[in-house]
2 protein chains.
Amino acid sequence: MTKPGKRDHSSPPREQRSPVIFLLAQVGAHAASKFGERLKQIGLSRPHSGILWNLDFAPSITQRQLARLLHMLPSRLVPLLDDLESKGLIERRANPHDRRRHALHLTNKGRTALEQIRQISRDHQKDVLTALSNEEQRTLGEILQRLADQQGLARGVHPGYARLSQVETERKD
Amino acid sequence: MTKPGKRDHSSPPREQRSPVIFLLAQVGAHAASKFGERLKQIGLSRPHSGILWNLDFAPSITQRQLARLLHMLPSRLVPLLDDLESKGLIERRANPHDRRRHALHLTNKGRTALEQIRQISRDHQKDVLTALSNEEQRTLGEILQRLADQQGLARGVHPGYARLSQVETERKD
DNA sequence: TATGAATTATTCTATAATGGAATTGTAAGA
DNA sequence: TCTTACAATTCCATTATAGAATAATTCATA
């Protein structure tokens with residue numbers, strides 16, 4: 001039945017190597033997804049962690065600047081900040097020079113949470129990269145950093161922050 | 001003002017190297033997103049392309065099997081298949097042995113579309129990996145394939161297919 | 001072969017996420 | 001003082017999504 005010269009469909013040839021670009025997206029999405037899973041244990045989503053991470057590097061930033069940095073609409077950032085503030089991880093401080101603006105700051109509790117996030121990230125990395133030698137891990141990191149830089153990606157800013165919050169926020173009833 | 005021993009917050013030290021696991025997720029998401037952009041030129045989303053891709057390897061598969069393969073709810077797969085069918089890229093053939101099941105097949109037009117997708121993917125890969133030598137590209141591919149295999153990721157199945165369709169489906173009015 | 005359980009595809013529905021348009025309060029310039 | 005610009009927030013309409021319900025069919029077995 002199967003004509004020669006055509007692909008043999010009778011036994012799906014699943015062994016093909018995927019294109020590098022596909023592997024990159026596939027493994028990256030897997031890593032992100034698993035990281036999100038781990039974050040649930042401390043009641044946060046990936047966007048939340050991205051905010052804390054960036055707030056540590058850019059304290060006193062305004063909401064608009066942060067939204068711009070994370071490529072996120074202000075209207076989407078607000079509820080995420082509300083979450084973090086209600087958990088006591090950040091505070092919106094009044095700006096004495098311009099009362100329209102809020103200066104965002106990590107609280108001590110927020111810094112502790114960030115330490116937890118870093119530990120979770122380390123554990124996660126260890127698990128995901130377990131198939132690689134230390135040397136290979138270094139190589140991978142060096143290559144990826146080069147790609148990120150050449151593609152104009154800002155350090156610490158995940159494109160996925162721009163969508164999906166995804167954390168079962170505890171019902172406030 | 002700045003106390004030694006503490007991090008200097010006055011000029012955000014954006015130069016830190018990101019953790020490898022973060023780079024992986026970041027660059028991967030970037031690659032996926034850019035690929036999605038390119039797919040718009042042929043009116044398809046990434047899940048659509050994933051379906052076509054997998055249908056080529058597993059012709060005559062049922063919808064349930066496909067949904068399971070792509071880690072997607074059947075109720076989400078149905079409208080995606082509707083899109084592809086209305087564009088004439090796939091067909092749902094009647095299964096003579098079990099009239100509950102549909103056997104999914106690419107049409108010739110669907111195969112042509114898949115060829116376009118492959119070309120788009122090649123162009124995309126070339127652009128994203130332009131900072132790397134051929135040797136480095138091979139190394140990256142080898143490393144990523146090892147990670148994918150060790151993490152139990154099926155070839156050709158992107159975890160992100162499970163959500164987001166994201167294509168301006170033309171209004172059917 | 002009749003009857004009930006299981007299976008496939010589909011549709012329905014309630015909830016949630018999202019982008020963009022108001023809205024409110026404040027600042028700055030003419 | 002007006003008027004315009006801007007920051008944060010709220011509102012709203014649209015879309016996406018998971019999961020339940022439905023309809024048609026097959027299967028198991030009494």
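Sequence lines set the chain letters: A, B, ... in the order given, protein chains first and strands last, and positions in each chain run from 1.
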Grab the [atom1]-[atom2] distance between [X] and [N] for me, whole Å please.
X       : N      : atom1 : atom2 : answer
A:Arg64 : D:dA5  : CZ    : C1'   : 11 Å
B:Gln63 : C:dT11 : CD    : C1'   : 13 Å
B:Leu77 : D:dT17 : CG    : P     : 13 Å
B:Asp83 : C:dT10 : CG    : P     : 13 Å
B:Arg92 : C:dA9  : CZ    : P     : 9 Å
B:Arg93 : C:dA9  : CZ    : C1'   : 18 Å
A:Ile61 : D:dA8  : CD1   : C1'   : 15 Å
B:Leu73 : D:dA20 : CG    : P     : 10 Å

- Query: A:Pro74 side chain: which of D:dT9, C:dA9, C:dA6 is closest?
  - Reply: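 Of all the options, the side chain of A:Pro74 is nearest to D:dT9.
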- Message: Among D:dC6, D:dA8, C:dT10, which nucleotide has an atom closest to any side-chain atom of A:His102?
- Response: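 Nearest listed nucleotide: D:dA8.
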- Task: Check salt bridge (charged side-chain N to carboxylate O under 4.0 Å, His left out) between B:Arg99 and all other residues, then give those that pass, not counting sequence neighbours.
- Result: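 B:Arg99 satisfies salt bridge (charged side-chain N to carboxylate O under 4.0 Å, His left out) with no residue once adjacent residues are dropped.
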- Task: Could you say whether B:Arg101 or A:Arg99 is positioned toward the 5' end of DNA chain C, judged by the nucleotide with the nearest heavy atom to each?
- Result: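 Its nucleotide being nearer the 5' end, the pick is B:Arg101.
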- Could you pick out which residue, A:Asp98 or A:Ser75, lies toward the 5' side of DNA chain D when each is mapped onto its nearest nucleotide?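 Its nearest nucleotide lies further toward 5', so the answer is A:Asp98.
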- Query: Is the CZ atom of B:Arg122 crowded by more than 12 outside heavy atoms at less than 6.0 Å?
  - Reply: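 Atom CZ in B:Arg122 is packed in, count exceeds 12.
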- Task: Quick one: list whatever passes side-chain contact (heavy atoms from CB on, under 4.5 Å) with B:Glu136, sequence neighbours left out.
- Result: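 Counting only residues at least two positions away or on another chain, B:Glu136 forms a side-chain contact (heavy atoms from CB on, under 4.5 Å) with A:Ile143, A:Arg146, B:Leu132, B:Ser133.
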- Query: OP1, OP2 of C:dT18 versus side-chain N and O of A:Arg76: anything below 4.0 Å?
  - Reply: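 The answer is yes; a side-chain N or O of A:Arg76 sits under 4.0 Å from OP1 or OP2.
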- Can you find a heavy atom in the side chain of B:His48 that is under 4.5 Å from one in the side chain of B:Leu89?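 No - every pair of side-chain heavy atoms lies 4.5 Å or more apart.
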- Query: Of the options A:Leu84, A:Asp56, A:Thr112, which is the one that meets A:Leu106 in a side-chain contact (heavy atoms from CB on, under 4.5 Å)?
  - Reply: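 Among A:Leu84, A:Asp56, A:Thr112, the one that satisfies the side-chain contact (heavy atoms from CB on, under 4.5 Å) with A:Leu106 is A:Asp56.
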- Message: Quiz question: going by heavy-atom distance under 3.5 Å, is there a donor-acceptor pair between the base of C:dT7 and the side chain of B:Arg100?
- Response: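 Answer yes: a donor N or O sits under 3.5 Å from an acceptor.
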